[in-house]
J.: 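One structure, pasted below without further comment.
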Amino acid sequence: MTDTPRAAQAAPALSAQYAPGEVEQRRYEQWVADGLFKADASSDKPPFTIVLPPPNVTGSLHIGHALDHSVQDALTRRKRMQGYETLWLPGMDHAGIATQNVVERQLASDGVSRHDLGREAFVEKVWQWKAESGGKILGQMTRLGDSVDWSRERFTMDEGLSRAVLTIFKRLFDDGLIYRAERIINWCPRCLTALSDIEVEHSDDDGELVSIRYGDGDNAIVVATTRAETMLGDTAVAVHPDDERYKHLVGTEVELPLTGRRIPIVADPHVDPAFGTGAVKVTPAHDPNDFEIGQRHDLPSLTIMDERGVITTHGPFLGLDRFEARPAVVAALRAEGRIVAEKRPYVHAVGHCQRCNTTVEPRLSLQWFVRTEPLARAAGDAVRDGRVRVEPPELTKRYFAWVDNMHDWCISRQLWWGHRIPVWYGPNGELVCVGPDDEVPTGEGWVQDSDVLDTWFSSALWPFSTLGWPDETAELAKFYPTSVLVTGYDILFFWVARMMMFGLYAMGGRQPFDVVMLHGMVRDQYGKKMSKSFGNVVDPLDWIERFGADATRFTLLRGANPGADVPVSEEWVQGARNFANKLWNATRYGLSNGATVEGELPTEGLSTVDRWILSRLQHVIGEVDQQFEAFELAKVCDTLYHFAWDDVCDWYLELTKPVLTGDDEAAKAVTRRVLGHVLESLQRLLHPIMPFVTEELWTTLTGRPTVVRAEWPSADKELVDDAAEGEVDNLQRVVTEVRRFRADQGVKPAQRVVARLEGLDAAGLAAHEGLIRSLARLDAPRQGPDGTEFAATAKLAVGVGVTVELDTRGAIDVAAERARLTKDKVAAEKEAEQCRAKLGNPAFTDKAPEPVVAKIRQRLEAAEADLTRIAAQLEALQ
RNA sequence: GGGCGCGUAGCUCAGCGGAAGAGCACCCGCCUUACAAGCGGGGGGUCGUUGGUUCGAACCCAACCGUGCCCACCA
């Protein structure tokens, strides 16, 4: 006990429970103050880069972000510890429509519209809003512990990124990859702007399919539609060229009801003769298919609605909303006896605005487009030829399905908040695309295009615009291509494919990232989607408050294998909180028992138990490395959880108690050093997952300043010790079996039982009798008052060839033990029978690989030995 | 209408060709001097169904049933 005072001194006091609230903020502020997250572009270290998917400036941290960020932080922190020059770059997206809507709503509550303010003042107002209440999410990220480089925070509308937008626009324009055209686009009649395909969500809605007779007598032809009101804009009827029913009508005209107009009947292969009547009404201005038919047949396009979806044709329907016009038109047609059939409800897919859920209206209008074909092909090839790896690989199919079938991308939006399209129109029809260094045309009559670019246009540049592109910066040279892109599989198309297109295009064919790691969606404990209406939404800040950031992160990462959805529940985060506390107490125990990290790890004088835990540690390091490289963070969590809880806490700490409380100072010193090593290694391994508690514990245990830049553990093959693992494995089986027996027999845990152990030599356990006795609470045999040894009343086979004779003071329940032995006997008989059947089958012995056959032989021998032993025990129980 | 995925213990999932696993929940016993946010022990599954391939199938193939997601300009 001579060094107890030293041990006590070396152990700063840790409270009895881990209190995250007292640790997290202090630690985070210190990390930032010490510049630990800052990346150095001039460093010689190999780079590791992640750009944070920029959250919307309007957003706040939800559980999905928490998952996304936890994954990125875990990857980043490990690489930092591995000695990479690590950059995790944060920033925000200006989120065009979303932000404009927020500010417009705010104005509306004051009775002001953006038009009252005018464009310039409105945009000013949005900037003001951004400065005051935007970007809350960035502050919330610190609560999670995100190790981002705050000195490099970017915004998609800041000056540098705006310049990147102008640069690439100009380049695409000059390459003929951006063009302006009159096309049918998705239009939101509420947001009053064009939308791209991905901003439209389809859902099956109830509608009504009505069949309308056009023309009369021999010329009559029946068409079917779910959008009766568009018939006002029909300019033809189309049939399939080979449709015998209508061949005689092709080239003739019919009268369009309600309008008095006569329209042609044309033959077009797009028409499916098997659907409905095989005749289609053609409304080029209000349907994309019809528009194409119209182009092929040189039909006029008749626009019958304004931008709000209100009918603009003269007549009784003027001024009606499209949804009012529909029944009105049907009623009018019915009055004329032209409705020949109705099918209601008729379920069909209808597009809705992603932002406001308004039914999208296909609208003919003049918009800007990106010609995606060559860009998308390159984006597909980069994955096809392996330059970019997608995790999980199954999702590549979806990726290809998307990039290989992409339509041209409508990039103009009729909004005010965003990057204004850098095109100027002259008084005589001139059109000039103005690059970032070009002079803006001046003079009478020149005006800039009033539209702004789709938000995704600037976010598609994120992996390189944030590093200084188009300038050739040190950052770009050092950190591009980025290493991993981490995001949910839900925006594989929205964002990932577009970054690929623009990254490859702008960076000379160099991909924006080497790996795309797609995680799943956070769900509740029953696998249900989280939704406000369902009331199962988890607020990560609430969890951080109550259980700590580490517990929140662990709960999320514990399910975060690539592509897998992540179910969470309050019970599980409690379990994670308990785990943090377990680590806390293990270290507290270690400190109070003199665990140390000073000096070399001893190679001499290690006990079997020490060698066992060190060996296990090497395996764990190897597994964790492999799992990290495969992005299987759920497995990382599982591996470390079990190593920490089972191997270290339940076994190693218990197995070393006799040494640490004993008198052998040399042995004690060795174990204290091993214990210190195991604890601090575990803390380093867990730091990427649980940064706060590990920082607090590691700095306390080691006395060093921070684990953030401590060296990542590497496995040492020299420390792998199969013999020690085998011995401890046998020991555990013996102890567990005795404990089972004691529990079955109702022997109080505290009660010591006299026992004789036999067969320890054969199991390699001769040297560990003391440990077995201490963990199983068995006393050595002793003499009774009459001078004879105690009488064994129960003989217990505990596997691995060991038997234990226990004196249970006559309390043994013979019937219960007999039942158990009988059960074991039946199982062993069955096992033996199975093995004999296999070994007696020539097909098996001929074809199965030798190790498998050997294994079966071993099983048979073991089963036969069990049977012999059980028979003897049953005999002894008489 | 196309495409993808999943059905393994009460719940959520891992295992993906050679003896059915984890966490939580459940049952029994314990305040054993790091931790009751803990310790020890235990019960519980013909691995969706039916066929096939194989010496051997939860794992490979086929069909079916159930379920989830993505894409989509059949009026």
Side-chain angles (χ1 to χ4, degrees), chain A residues 14 16-18 184 186 197 202 209 223-227 230 238 270-272 274-283 287-292 348-349 351 362 394-395 397-398 401-402 405 407 489-490 492-493 521 523-527 529 547 551 558-559 561 563-569 571-572 574-593 632 634-635 638 641-642 649-650 653-654 657 661 735-736 739-744 746-751 775-777 831 834-835 838 841-849 851-853 855-856 859:
Chain A
L14 291 180
Q17 277 189 358
Y18 174 50
I184 291 263
N186 303 299
D197 289 349
H202 293 266
L209 185 70
V223 299
T225 182
T226 54
R227 303 202 53 203
T230 62
H270 167 79
V271 179
D272 175 6
F275 186 91
T277 60
V280 184
K281 60 190 277 305
V282 181
T283 323
D287 183 281
N289 286 320
D290 293 6
F291 180 75
E292 283 178 21
H348 61 137
E394 303 88 69
L395 285 172
K397 287 175 195 160
R398 269 194 206 178
W402 170 260
N405 297 295
H407 295 153
Y489 59 65
D490 56 332
L492 178 61
F493 317 117
M521 305 294 110
R523 295 171 177 274
D524 75 8
Q525 61 189 310
Y526 305 109
K529 226 180 212 164
F547 305 108
R558 198 174 201 180
N561 280 332
D565 285 342
V566 181
V568 299
S569 81
E571 282 170 355
W572 302 346
Q574 279 171 20
R577 185 263 324 261
N578 296 353
F579 180 49
N581 195 46
K582 188 77 178 173
L583 297 169
W584 182 266
N585 277 297
T587 304
R588 193 158 73 100
Y589 166 82
L591 286 167
S592 67
N593 282 280
E632 295 172 327
K635 290 186 184 174
D638 194 58
Y641 180 90
H642 283 109
C649 291
D650 286 349
L653 295 188
E654 297 303 326
K657 275 179 183 171
T661 57
V735 169
T736 300
R739 284 172 174 169
R740 191 231 90 218
F741 178 82
R742 292 177 53 123
D744 277 2
V747 181
K748 295 288 174 196
Q751 183 185 339
L775 288 184
R777 294 178 177 275
E831 169 80 357
Q834 275 176 0
C835 293
K838 275 209 162 182
N841 179 357
F844 171 72
T845 47
D846 290 353
K847 294 195 181 178
V852 174
V853 178
K855 217 171 179 178
I856 301 291
R859 279 170 50 191

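The chains referred to below are lettered A, B, ... by the order of the sequence lines, with proteins before strands, and numbering in each begins at 1.
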J.: Using purine N1 to pyrimidine N3 plus N6-O4 or O6-N4 for Watson-Crick, or N1-O2 and O6-N3 for G-U wobble, each under 3.5 Å, what pairs with B/G1?
T.: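 Per the H-bond distance test, B/C71.
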J.: Provide the distance between the two P atoms, one in B/A9 and one in B/G5, to the nearest whole Å.
T.: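 Approximately 22 Å lies between the P atom of B/A9 and that of B/G5.
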J.: Report the base-pairing partner of B/C30 (Watson-Crick or G-U wobble, both distances below 3.5 angstrom), or none.
T.: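 B/C30 is paired, partner B/G38.
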J.: Nearest-Å distance, OH (A/Tyr641) to C1' (B/C13)?
T.: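 Distance, rounded to whole Å: 15 Å.
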J.: Counting side-chain heavy atoms from CB outward, which of B/A75, B/A34, B/G40 is closest to A/Asp650?
T.: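 The closest nucleotide is B/G40.
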J.: Quick check: on RNA chain B, is the nucleotide nearest A/Gly590 upstream (toward 5') of the one nearest A/Val852, or the reverse? Name the residue that is more 5'.
T.: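 Here A/Val852 is the residue nearer the 5' end.
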J.: Please work out if A/Ser569 contacts a base, only the sugar-phosphate, or nothing of the nucleic acid, heavy-atom cut-off 4.0 Å.
T.: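 Contact class for A/Ser569: none.
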J.: Separation of A/Asp846 atom CG from B/U54 atom P, in whole Å?
T.: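 It works out to 16 Å between those atoms.
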J.: Quick one: is A/Lys397 getting a side-chain N or O under 4.0 Å of the B/G5 phosphate, OP1 or OP2?
T.: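 The answer is yes; a side-chain N or O of A/Lys397 sits under 4.0 Å from OP1 or OP2.
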J.: Starting at atom CD of A/Glu632, determine the distance to atom P of B/G15, rounded to an integer number of angstrom.
T.: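 After rounding, the gap between these two atoms is 8 Å.
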J.: Just to be sure I understand the rule, does A/Cys835 reach a base, reach only the sugar-phosphate, or reach nothing, if contact means heavy atoms closer than 4.0 Å?
T.: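 No contact.
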J.: With the side chain of A/Thr226 defined as its heavy atoms from C-beta on, choose the nearest nucleotide among B/A75, B/A37, B/G29.
T.: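 Nucleotide nearest to A/Thr226's side chain: B/A75.
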J.: Figure out the CZ/P separation between A/Phe579 and B/C35, and round it to whole Å.
T.: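 About 18 Å, once rounded to whole Å.
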J.: Touch check for A/Ile184, heavy atoms < 4.0 angstrom, all strands: base, sugar-phosphate only, or nothing?
T.: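 No contact.
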J.: From C-beta outward on A/Arg859, which listed nucleotide comes closest to its side chain: B/A75, B/C55, B/A19?
T.: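 Taking heavy atoms from C-beta onward, the closest nucleotide is B/A19.
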J.: Do A/Val280 and A/Phe275 have side chains that get closer than 4.5 Å, going by heavy atoms?
T.: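 SC-SC contact between A/Val280 and A/Phe275 ruled out.
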J.: Applying the Watson-Crick and G-U wobble criteria at under 3.5 Å, what pairs with B/U50? Answer none if nothing qualifies.
T.: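 Its partner is B/A62 (Watson-Crick or G-U wobble, both distances under 3.5 Å).
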J.: Need one value for A/Phe275: base, sugar-phosphate or nothing, where a base atom within 4.0 Å counts as base even if backbone is also close, heavy atoms only.
T.: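 Here A/Phe275 touches the bases of the nucleic acid.
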J.: Who is the Watson-Crick or G-U wobble partner of B/G44, with both distances under 3.5 Å?
T.: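 Partner of B/G44: none.
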J.: Can you check the distance between B/G44 and B/C55, where both ends of the measurement are the C1' atom (answer in whole Å)?
T.: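 Pairwise C1' distance, B/G44 against B/C55, rounds to 32 Å.
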J.: Is a donor-acceptor pair below 3.5 Å formed from side chain A/Lys748 to base B/C30, judging by atom type as modelled?
T.: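 Answer is no: no donor-acceptor pair is held.
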J.: Expressed as a whole number of Å, how far does the C1' atom of B/A20 sit from that of B/G43?
T.: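 Taking atom C1' in both B/A20 and B/G43, they lie 16 Å apart.
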J.: Please state the C1' separation for the pair B/G68 and B/U12 - nearest whole angstrom.
T.: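 It comes out at 15 Å once rounded to the nearest Å.
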J.: Can you identify which nucleotide, out of B/A75, B/G18, B/C35, has its nearest atom closest to the A/His270 side chain?
T.: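 Given the options B/A75, B/G18, B/C35, the side chain of A/His270 is closest to B/A75.
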J.: Which nucleotide, B/A37, B/C30, B/C13, lies nearest any side-chain atom of A/Asn581?
T.: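 Closest of the options to the side chain of A/Asn581: B/A37.
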J.: For the residue pair A/Pro362 and A/Pro288, what are the closest heavy atoms and their distance?
T.: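 Looking at all heavy atoms of both residues, the closest pair is CB-CD, 3.9 Å.
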J.: Mapping A/Ala16 and A/Pro849 onto RNA chain B by nearest heavy atom, which one lands closer to the 5' end?
T.: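 Upstream on the strand: A/Pro849.
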J.: Using whole Å, report how far NZ of A/Lys855 lies from C1' of B/C55.
T.: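 Between C1' of B/C55 and NZ of A/Lys855: 17 Å.
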J.: Under 4.0 Å between any heavy atoms, over every strand shown, what does A/Arg558 touch: base, sugar-phosphate, or nothing? Just pick one.
T.: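 Since only primed, P, OP1 and OP2 atoms lie under 4.0 Å of A/Arg558, the category is sugar-phosphate.
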J.: Given the P atoms of B/G42 and B/C24, what is the spacing between them in whole Å?
T.: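 So the two P atoms sit 16 Å from each other.
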J.: Looking only at atom C1', what distance separates B/A37 and B/G10, rounded to whole Å?
T.: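 Here B/A37 and B/G10 have their C1' atoms 24 Å from each other.
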J.: If I pick the P atom on B/C6 and the same atom on B/C60, what distance separates them, to the nearest angstrom?
T.: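 Each nucleotide's P atom is 9 Å from the other's.
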J.: Quick one: CZ on A/Arg523 to NZ on A/Lys529, what's the gap to the nearest 0.5 Å?
T.: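 Answer rounded to 0.5 Å: 6.5 Å.
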J.: OP1 or OP2 of B/G68 less than 4.0 angstrom from a side-chain nitrogen or oxygen of A/Lys529, does that happen here?
T.: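 False: A/Lys529 side-chain N/O out of range (4.0 Å or more) of B/G68 OP1/OP2.
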J.: So A/Leu591 and A/Leu14, do their side chains get closer than 4.5 Å, heavy atoms only?
T.: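 Of all side-chain heavy-atom pairs linking A/Leu591 with A/Leu14, at least one is under 4.5 Å.
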J.: Any strand is fair game: report the nucleotide pairing with B/A25 by Watson-Crick or G-U wobble, both distances under 3.5 Å, or none.
T.: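 Pair assignment: B/A25 / none.
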J.: Write down the distance between CG (A/Asp490) and C1' (B/C71), rounded to a whole number of angstrom.
T.: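 Atom CG in A/Asp490 sits about 15 Å away from atom C1' in B/C71.
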J.: Have a look at A/Ala848 and say if it touches a base, only the backbone sugar-phosphate, or nothing, with a 4.0 Å heavy-atom cut-off.
T.: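 A/Ala848: base contact, heavy atoms under 4.0 Å.
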J.: Starting the side chain at C-beta, find the nucleotide from B/A37, B/C24, B/C13 nearest to A/Glu571.
T.: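 Side chain of A/Glu571 sits closest to B/C24.
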J.: Which part of the nucleic acid does A/Arg398 contact within heavy-atom distance under 4.0 Å: base, sugar-phosphate only, or nothing?
T.: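 Base contact.
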J.: Without hydrogens or angle criteria, can the side chains of A/Thr845 and A/Lys838 be said to hold a donor-acceptor pair below 3.5 Å?
T.: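 On atom types as modelled, these side chains do not qualify, holding no pair under 3.5 Å.
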J.: What nucleotide, of B/C55, B/C35, B/A22, holds the atom closest to the side chain of A/Lys847?
T.: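 So the nucleotide nearest the side chain must be B/C55.
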J.: Would A/Lys657 pass as a cation-pi partner of A/Tyr589, given that its NZ or CZ must be under 6.0 Å from the six-membered ring centre and within 45 degrees of the axis?
T.: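 Flagged: A/Lys657 positioned over aromatic ring of A/Tyr589.
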J.: Atom NZ of A/Lys635 to atom P of B/G21: distance rounded to whole Å?
T.: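 Going from A/Lys635 (NZ) to B/G21 (P), I get 18 Å.
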J.: Could you check which of B/C70, B/A34, B/U12 has an atom nearest any side-chain atom of A/Ala586?
T.: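 The nucleotide sitting nearest to the side chain is B/A34.
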J.: Tell me which nucleotide among B/A34, B/A72, B/A37 gets nearest to the side chain of A/Asp197.
T.: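 In terms of side-chain proximity for A/Asp197, the closest of B/A34, B/A72, B/A37 is B/A72.
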J.: Nearest to the A/Asp638 side chain among B/C55, B/C4, B/A22, which nucleotide is it?
T.: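 Comparing B/C55, B/C4, B/A22 against the side chain of A/Asp638, the answer is B/A22.
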J.: Is a side-chain donor-acceptor pair under 3.5 Å present for A/Asp565 with A/Tyr489?
T.: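 Short answer, yes.
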J.: Distance check needed: B/A19 P versus A/Glu831 CD, whole Å only.
T.: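 Distance check: A/Glu831 CD to B/A19 P gives 10 Å.
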J.: Does A/Asn585 have a side-chain nitrogen or oxygen under 4.0 Å from the phosphate oxygens OP1 or OP2 of B/A37?
T.: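 No, outside the criterion.
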J.: Can you tell me, in whole Å, how much space there is between the C1' of B/C28 and that of B/C61?
T.: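 Looking at atom C1' only, B/C28 and B/C61 are 47 Å apart.
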J.: Please evaluate the base of B/A37 for a donor-acceptor partner in the side chain of A/Gln574 within a cut-off of under 3.5 Å?
T.: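 No pair found.
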